[in-house]
Each structure stands twice: as C-alpha cells, then as structure tokens.
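Per chain, numbering begins at 1; letters A, B, ... match sequence-line order.
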Number of protein chains: 2
Amino acid sequence: MRIGELAERAGTTTRTLRYYESRGLLPARRGSNGYRTYDEDDLKLLRQIRTLQDFGFELEETRPFVECLRAGHPQGDACPASLAVYRRKLGELDALIDELRSVREQVGGQLARAERAMGELASEAAVPGGPEPVCELEGRTG
Amino acid sequence: MRIGELAERAGTTTRTLRYYESRGLLPARRGSNGYRTYDEDDLKLLRQIRTLQDFGFELEETRPFVECLRAGHPQGDACPASLAVYRRKLGELDALIDELRSVREQVGGQLARAERAMGELASEAAVPGGPEPVCELEGRTG
DNA sequence: CTAAGCGTTGCCGCCGACGTCAAGGCAAGG
DNA sequence: CCTTGCCTTGACGTCGGCGGCAACGCTTAG
C-alpha cells in the first residue's frame with residue numbers, strides 16, 4: 001500500500017502521514033522506486049493515532065500507544081506508559097472542565113447583572129415612578 | 001502615566017500594551033517626546049480587556065466592551081453588542097464543556113477497559129486457576 | 001509520445017497573543 | 001560627561017498540526 005491509499009483508508013491526508021513520519025511516529029519502508037510502502041499494521045498504528053488526536057491528545061502523547069503496538073501488543077493501551085497518559089489526560093480534562101464551568105458561571109453572572117442594569121435604565125427612563133421587571137429572554141414587553 | 005507604569009498597574013507588560021494599540025484596542029496619546037501617555041480611563045479599558053482575556057475571550061471579542069466604555073458608559077457590558085458577545089460565549093462554553101465531558105467519559109472507559117485487560121493478563125500468568133482482582137491504584141500487593 | 005495521476009523533497013504560510021532581541025532616543029542623577 | 005533606566009520602532013521567534021505550492025521523478029494508459 002502506498003501513501004495515498006493509506007491516507008484515504010484512515011480518513012486523512014498524505015501531508016499528515018509525512019508529518020507523522022517526520023516526527024518519528026509512523027516510519028515507512030521504501031520501495032525500489034523510493035515510494036513509501038505501508039501494510040495493515042501501519043493502518044492500525046495510524047488509526048490509533050487518529051483516535052487519540054480526535055480526543056484532543058497531542059501528537060507526543062500518542063507516542064507511547066504507538067510504541068506499545070509496535071512492541072507487539074494487540075492494543076496500544078496495553079502498556080503502563082499508555083495508561084499513564086490516560087490518567088494524566090483525565091486529570092487535565094477534569095481540571096479544564098472545572099475551570100470552564102467556573103468561567104461559565106462568572107460570564108453568566110455578568111450577563112445577568114448587565115441585563116438587569118439595562119432593564120432598570122430602560123424602566124427608569126420610561127416609568128420614573130415604578131419600574132416593572134421585564135423578562136429579558138423575550139426581548140419585548142409582550 | 002507612561003506605558004511602563006500602566007503595564008505594571010494592570011499586571012501586564014509593555015509589549016502587550018503596544019500589541020493592543022497595534023490592534024486598535026488601546027490607542028495612546030503622545031507626549032512631546034514621543035512617549036505614550038495614558039490616564040485612569042485607559043487603565044479601566046485595559047482592566048476590562050484583561051478580565052475578558054482571563055475568561056478566555058479572544059481579543060476581537062473584547063472590542064465591543066472597549067467601545068462601550070469609550071462611548072461613555074460606566075460599564076463595558078452596558079451595550080447590546082457586549083451582551084451579544086456574552087451570550088455567544090456562553091453557548092460556546094456550554095458546547096465545549098459538553099464535548100469535553102464526552103471525551104472524558106470515553107477516555108475513562110478506555111482506561112478502565114485497559115486496566116481490566118492488564119489485570120486479567122497478570123492474573124492469568126500468575127494464577128491460571130483463580131484470578132484475584134487487584135487494585136491498580138495501590139500498585140502493590142500489600 | 002504524451003498526458004494524467006500518482007509519488008518525492010523542501011520550504012513558506014497560518015492562527016493568536018504576545019516574547020525577545022536590536023538599535024537607537026530621551027531623561028535624570030552623580 | 002557618563003551611566004542607568006526608561007522609552008521608541010521594527011522585525012523575527014514561539015507553539016501544533018498541518019495546508020499549499022514548487023519543481024521534479026515514476027508509471028501507466030491511450
């Protein structure tokens with residue numbers, strides 16, 4: 001199998017495969033004409049890389065999985081180094097999710113406050129004596 | 001106030017301030033010697049930008065807040081354009097958090113499966129007759 | 001023979017928010 | 001005068017994961 005076919009079967013591009021090779025992740029044999037040659041095991045390696053990439057793993061983080069497969073294990077995560085990457089990633093994900101939730105709450109609070117402030121201003125301008133609460137989600141005085 | 005003092009009071013660097021100026025976010029008056037000159041209102045603008053940046057807003061997303069302040073409003077989010085940015089950001093945050101939670105679950109599942117597989121292999125090798133469950137978090141047989 | 005369609009290497013471009021020089025000007029203290 | 005420390009502009013570097021182009025070689029079909 002040549003680079004174009006492998007790329008297509010893995011749903012990626014030849015540029016990506018050459019990039020992986022330049023990083024030492026997916027070395028290729030060469031045919032007599034200089035063309036890269038791949039087999040089904042390489043496809044398996046590549047799919048492992050792509051799956052982890054889709055999860056948001058950096059390329060370097062996929063290396064233990066690839067080496068694990070090349071060591072003959074049927075699964076890329078059948079090695080301690082791969083499990084360590086999983087665990088570290090879980091920690092990072094938890095931390096990131098917590099942080100994003102915190103930001104989400106703060107932004108949500110700012111939005112609510114700003115909407116209240118604008119509502120009060122509008123009401124004071126319209127009815128200086130008695131401001132009525134307005135549902136901002138509707139956007140009109142229905 | 002010159003650029004160094006403003007940077008320090010806002011907890012950032014002069015490079016950052018010049019970058020903001022190059023983006024048209026924080027224009028500066030110039031003294032007779034060519035030095036940039038800032039006042040307290042500029043500090044307020046800058047703090048608004050920094051707060052949003054800390055929330056993960058892109059620079060361009062802070063522009064409505066800055067323009068709102070420069071239009072004379074006491075708060076950068078006292079304008080509809082700012083509220084629109086808040087709302088869009090909330091949507092992005094929700095989507096991102098959901099996605100990360102999904103990834104977290106999948107990675108967690110992979111880790112659990114891989115740990116089970118390794119435990120089974122170890123047990124089979126050691127005690128072919130009766131595999132005992134081992135706590136992977138402890139790491140030893142104590 | 002020729003053209004199409006693969007392959008090869010190499011290098012620059014991109015995105016965002018700056019960091020890091022380089023080379024020089026200006027101000028203030030001893 | 002000299003040094004120190006601030007300021008100026010301009011330009012290149014960073015990080016990750018490729019995209020895209022140039023300029024060339026191989027192969028195969030018509």
**Report entry** Side-chain donor/acceptor of A/Arg36 to base of C/dG7, under 3.5 Å
**Finding:** no
**Report entry** Protein-nucleotide distance (B/Glu60, atom CD; C/dC15, atom C1'), rounded to Å
**Finding:** 13 Å
Query raised in the report: Taking only side-chain nitrogens and oxygens of A/Thr13, does any of them come within less than 4.0 Å of OP1 or OP2 of D/dC18?
Result: no
Report summary line: Out of D/dC26, D/dC18, C/dC26, minimum distance to the side chain of A/Tyr35 belongs to D/dC26
Requested in this report: Decide yes or no, distance alone: a donor-acceptor N/O pair under 3.5 angstrom between the base of C/dT20 and the side-chain of B/Arg15.
Outcome: yes
Report summary line: note: A/Tyr38, atom OH; C/dT8, atom C1'; distance rounded to Å ~ 12 Å
Query raised in the report: Minimum heavy-atom separation for B/Tyr86 to A/Leu111, with atom names?
Result: CD1-CA, 3.8 Å
Query raised in the report: Do you know the tightest heavy-atom contact between B/Glu58 and B/Gln53?
Result: C-OE1, 3.9 Å
Report summary line: For B/Arg29 and B/Tyr38 the tightest heavy-atom approach is NH2-CA, 4.4 Å
Query raised in the report: Can you find a side chain N or O atom of B/Gln53 that sits less than 4.0 Å from OP1 or OP2 on C/dG16?
Result: no
Query raised in the report: How many Å lie between CZ on A/Arg23 and C1' on D/dC15, as a whole number?
Result: 12 Å
Query raised in the report: With side chains defined as the heavy atoms from C-beta onward, is the minimum distance between B/Arg113 and A/Asp77 less than 4.5 Å?
Result: yes
Query raised in the report: Given atom CG of A/Leu26 and atom P of D/dC18, what is their separation to the nearest angstrom?
Result: 12 Å
Query - Side-chain donor/acceptor contact of A/Arg2 with base of C/dG7 under 3.5 Å - result: no
Query raised in the report: Tell me: CG of B/Asn33 to P of D/dT8, nearest whole Å?
Result: 9 Å
Query - A/Arg18 CZ - C/dC6 P separation (whole Å) - result: 13 Å
Requested in this report: Verify the contact: side-chain N or O of A/Thr16 to OP1 or OP2 of D/dG17, cut-off strictly under 4.0 Å; return yes or no.
Outcome: no
Report task. Taking only the side-chain heavy atoms of B/Ile3 (C-beta and beyond), determine which of D/dC7, C/dT8, C/dA17 contains the nearest atom. Result -> D/dC7
Query raised in the report: Within the modelled atom types, does a donor on one side and an acceptor on the other bring the side chain of B/Tyr19 and the base of C/dG19 under 3.5 Å apart?
Result: no
Query - Euclidean distance, atom CD of residue B/Glu5 to atom P of D/dG5 [Å, nearest integer] - result: 18 Å
Query raised in the report: Are any of the side-chain heavy atoms of A/Gln106 and B/Phe55 separated by less than 4.5 Å?
Result: yes
Report summary line: note: A/Glu21, atom CD; C/dG10, atom C1'; distance rounded to Å ~ 14 Å
**Report entry** Any A/Arg50 side-chain nitrogen or oxygen under 4.0 Å from OP1 or OP2 of D/dG17
**Finding:** no
